[in-house]
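Single-structure report; data block below.
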Amino acid sequence: MSHRAVSAQNVAFTYPSGVEPLIDVSVDIAPRSRVALLGANGSGKTTLLRILAGSLKPARGSVHVDNEPLRYDRKGLRAHREAVQLVLQNPDDQLFSADVVHDVAFGPVNLGLGTAEIFERVNDAMALLSIEQLADRPTHELSYGERKRVAIAGAMAMRPCVLLLDEPSAGLDPAGVEEMFFALEKLERNGTTVVLSTHDTALALEWADSVGVVETGTVRQGDPRLLLAEQELVAAARLRSPWPLELAASLASSGRIADGATPRNIKEVCQEIERGSSPVIRYGQSKV
Ligand SMILES: Nc1ncnc2c1ncn2[C@@H]1O[C@H](COP(=O)(O)OP(=O)(O)O)[C@@H](O)[C@H]1O
Ligand SMILES: [Mg+2]
């Protein structure tokens, strides 16, 4: 698998109804990175993922893969879809075969690959998503979380270098979210770049290398710790500040941790508290 950089440059998109969710959007997806697109319902996350996947063509601006502009002819799109796979939010929009193994095999079969190669890809994809035990089950009998993982396995069987996941955690219970992220970690170790959309800022803060906040037709992209600490941006995007940063601000105001600390998760909050209460350094007061 090669590793590709994908970007959208000054992209605009208007639906035939006249709704223009994207006015001037630029995002950079570095090879092997974890990117979270954050935004309220209706902000344009799905539209942007479809643009990056090549299934919608921007009215202005362009999508680039390794600095080459995406060509929207058959050949260009076919090559793009082999490199960049989109998994839709609702797995039922993506699964239609009689059982799991046929669904996962659908893409490789369509590529016209040989039987041995199809077997290898399907087995690898099912192992990555930990769904081997579901191979012969009818997809309609599976839980929502299982169906989501089958849909991702189908995309992974195409061996993309970039996987675009629309709201992978939406509708999952806490254990389902954990299983999903366990699976994503395996994909990343496998070298796959993962871009996901969500409105869960705490999840983005903990998971992503880079976040893109989608708001009024544009995207602000940057380091999760810096961008998600910008309260005005978070509020304008109709999002909630991630709880670790809210908690850190509250602990800093009572001098229990350093001002400006940006812990990403519960472990890092605890580390900040330990540092703040050590006899050597105690923030806001001298300790003898
Ligand atoms: N097929 C469509 N036709 C017309 N308008 C659409 C279509 N899909 C989405 N929209 C509109 O575009 C805007 C952005 O939608 P979407 O990209 O789905 O946002 P998000 O994924 O962030 O919820 C919304 O106002 C939505 O109603
Ligand atoms: Mg959406």
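As the structure lists them, so they are numbered: ligands from 1, and atoms in each ligand from 1. From a predicted model like this one, the values you see are computed outputs, not experimental measurements. Each residue takes its place number in the sequence, starting with 1. As a basis for the values below, the full set of heavy atoms in this structure was taken, side chains included, without hydrogen atoms, waters or symmetry mates.
In terms of heavy atoms, Asp209 sits closest to Pro224 at O-CD, 3.3 Å.
Hydrophobic clustering (ILVMFWY, side-chain heavy atoms < 4.5 Å, transitive): Leu165 and Met126 are in one cluster.
Side-chain polar atoms of Glu215 and Ser43 form no donor-acceptor pair below 3.5 angstrom.
Proximity of a side-chain donor or acceptor of Asp66 to a complementary backbone N or O of Glu68 within less than 3.5 Å is not detected.
Heavy atoms from other residues, nucleotides or ligands lying under 6.0 Å from CZ of Arg50 number 12 at most.
Remark: Gln271 pairs with no residue by the side chain to side chain donor-acceptor pair (under 3.5 Å) rule, at least two apart or across chains.
Residues with a heavy atom under 4.0 Å from ligand 1: Tyr15, Ser17, Val19, Pro21, Ala40, Asn41, Gly42, Ser43, Gly44, Lys45, Thr46, Thr47.
Between the Mg ion (ligand 2) and Ser197 there is no N/O/S contact shorter than 2.8 Å.
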